[in-house]
Protein chains: 2
Amino acid sequence: FVQCTGLCKTYTVGGEQVRALDHVSLTVERGDFIAICGPSGSGKSTLANVIGGLDQPDSGSVVVDGVDLARAKDAELSAYRNSHIGFVFQSFNLQSHETALENVISPLVVGGVGKKRTRRAKGMRALERVGLADRAGHKPTQLSGGQRQRVAIARALVNNPALIIADEPTGNLDSHRGAEVMAELERLNREGITLVIITHDQAVAARAGRVLTIKDGTITETRGRA
Amino acid sequence: FVQCTGLCKTYTVGGEQVRALDHVSLTVERGDFIAICGPSGSGKSTLANVIGGLDQPDSGSVVVDGVDLARAKDAELSAYRNSHIGFVFQSFNLQSHETALENVISPLVVGGVGKKRTRRAKGMRALERVGLADRAGHKPTQLSGGQRQRVAIARALVNNPALIIADEPTGNLDSHRGAEVMAELERLNREGITLVIITHDQAVAARAGRVLTIKDGTITETRGRA
Ligand SMILES: Nc1ncnc2c1ncn2[C@@H]1O[C@H](COP(=O)(O)OP(=O)(O)OP(=O)(O)O)[C@@H](O)[C@H]1O
Ligand SMILES: Nc1ncnc2c1ncn2[C@@H]1O[C@H](COP(=O)(O)OP(=O)(O)OP(=O)(O)O)[C@@H](O)[C@H]1O
Ligand SMILES: [Mg+2]
Ligand SMILES: [Mg+2]
């Protein structure tokens, strides 16, 4: 379902080179639940962004659901991503002038999905699933850190994506809320949705079918069904 | 050292009231290390901001190191806060146009502390303590999530504050880096610095001398030396 081959990405700052991805290859089968772990700064978010089509590698290829992300044209890639990939950003990336509900339904608005009433209903359901129905009208500045994180998660779910990429989805949540979110993601996985979760939380990694460890931009270990 | 009495803070959004703080009282002795835990949305960050003088309660009082934060004039409060309180924000609050080093030394620049060369040396030492000496020239957009978190931590340490308030300081860190950060904070605590740490991480709370649990804006439990 996701096939990465020889991904390389290097940043240059002040004359110094940072190898964020150094020949990374990995395969994710449809319906897999994989966790990606590793030290701070090891390349996890960079890898997540490349798999999600949000960033381009310097070399190597990424094929998601048969779509070669490097070959796809911008508009085509953007439309594919909007309808097929749910992405939870490590820093949430919410629109500060929009309410929680408006933020959650933005993939539906962008994709022109359904009528306004249908979109709002879907958005409220997604908010209920993360325990935030009573915060639908709050803007991000009127939400706690963990509530913003959950709005980002709800937004990733609203379009029933085939692939969910979640970058540190429980970092601002207490263990109870974190377990709720993971139960929701695992339920979707059992229904066939492919899950790629970047996490520092060993409790989350323990629930994955396979755990990849990345260090200095290379995958150093794979545990679980290989 | 920190005395809070009857703190209340209510937000109103779309006609609905949210009681973020509901008659909160607590005492922190000089040199204490206390952890504040509780569910997402329970009022922890609101409490941290009020103790740190960054936000005002609707009623109740906060006295830090003999300074009544409600009575203090703006400029006086701002100067006191800059030199005596190190604050680590849940969402980091870094300046995106400045480098990691410039972000770290901003409390020294604001306070007019020392010469430029001294400030840069202090800033580099603070970055070393969080393992980021080799990222001094990177701007926040050129850093990973956990690296930004560590820059926010280094900034809180650079001025040798008497009180450190850290809101979820390890949420984006792997367990190794998280333990490094906690070891650093505990070392400062042993030297007499007062620590107030908001955390969802039970491993962090376990190291505190006292753990306060907050739920729906009220303190429901206190464990440890009371
Ligand atoms: N500016 C605001 N306007 C309206 N409601 C607000 C505002 N700021 C915070 N709130 C609400 O107040 C409550 C407490 O927020 P706070 O940020 O203190 O929670 P928290 O305990 O830090 O949560 P988390 O663990 O998720 O960071 C939340 O329910 C939040 O929705
Ligand atoms: N735009 C950029 N310019 C320069 N260096 C960058 C840039 N973006 C990321 N980096 C560097 O690339 C490395 C990998 O970053 P990445 O965000 O993928 O790490 P990560 O594994 O997600 O870390 P964390 O667990 O802290 O979130 C880091 O060392 C970071 O400093
Ligand atoms: Mg990251
Ligand atoms: Mg908070």
Side-chain angles (χ1 to χ4, degrees), chain A residues 11-16 18 20 37-46 48 89-92 94 99-101 130-132 134-150 167-168 170-178 180-181 198-203 205 213-215, chain B residues 11-16 18 20 37-46 48 89-92 94 99-101 130-132 134-150 167-168 170-178 180-181 198-203 205 213-215:
Chain A
Y11 294 107
T12 306
V13 178
E16 301 246 345
V18 178
C37 301
S40 172
S42 56
K44 305 179 296 297
S45 295
T46 305
F89 294 88
Q90 187 169 8
S91 49
F92 318 153
L94 302 180
T99 64
L101 180 59
V130 295
L132 286 180
D134 62 354
R135 290 286 184 275
H138 284 231
K139 297 205 171 76
T141 46
Q142 299 169 322
L143 294 172
S144 75
Q147 289 168 343
R148 290 175 201 162
Q149 185 154 43
R150 286 182 274 154
D167 195 348
E168 306 285 353
T170 61
N172 284 281
L173 300 178
D174 52 283
S175 52
H176 176 71
R177 282 288 179 204
E180 264 184 20
V181 160
I198 312 276
T199 185
H200 285 306
D201 190 338
Q202 290 311 313
T213 302
I214 181 166
K215 202 174 183 319
Chain B
Y11 294 106
T12 305
V13 178
E16 301 245 345
V18 178
C37 302
S40 171
S42 56
K44 306 179 296 296
S45 295
T46 304
F89 294 88
Q90 187 168 10
S91 50
F92 319 152
L94 302 180
T99 63
L101 180 60
V130 295
L132 285 179
D134 61 354
R135 291 286 183 276
H138 284 230
K139 296 205 170 74
T141 46
Q142 298 170 320
L143 294 173
S144 76
Q147 290 169 343
R148 289 174 201 163
Q149 186 154 43
R150 285 182 274 152
D167 194 348
E168 306 286 352
T170 61
N172 284 281
L173 300 178
D174 52 283
S175 51
H176 177 69
R177 282 289 179 202
E180 264 183 20
V181 160
I198 312 276
T199 185
H200 285 306
D201 190 338
Q202 292 310 315
T213 301
I214 181 167
K215 202 176 187 313

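Chain letters run A, B, ... following the sequence lines, proteins first, then strands; residues in each count from 1.
- For the residue pair B/Asn172 / A/Gln90, a side-chain donor-acceptor distance below 3.5 Å is found, with atom types taken as modelled.
- Annotation: side chain to side chain donor-acceptor pair (under 3.5 Å) contacts of A/Thr213 (sequence neighbours excluded): none.
- Residues B/Arg148 and A/Ser91 meet the side-chain proximity criterion, which asks for heavy atoms closer than 4.5 Å.
- Heavy-atom pairs under 4.5 Å with chain B peak, among A/Cys37, A/Ser45, A/Pro39, A/Gly38, at A/Pro39.
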- request: Walk me through it: do B/His138 and A/Val18 pass the test side-chain contact (heavy atoms from CB on, under 4.5 Å)?
  value: CA-CA 11 Å; B/His138 284 230; A/Val18 178; 3.9 Å; yes
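- Contact annotation for B/Gln142: only side-chain heavy atoms (C-beta onward) come within less than 4.5 Å of a heavy atom of chain A.
- Ranked by non-hydrogen atom pairs under 4.5 Å with chain B, the options A/Gly137, A/Gly41, A/Gly14 are led by A/Gly41.
- For B/Ser40, the side chain to side chain donor-acceptor pair (under 3.5 Å) criterion is met by A/Arg150, not counting sequence neighbours.
- Your options are A/Glu16, A/His176, A/Arg135, and the one with the most heavy-atom pairs under 4.5 Å with chain B is A/Arg135.
- To the nearest 0.5 Å, the span separating CG on A/Asp174 from NZ on B/Lys215 amounts to 9.5 Å.
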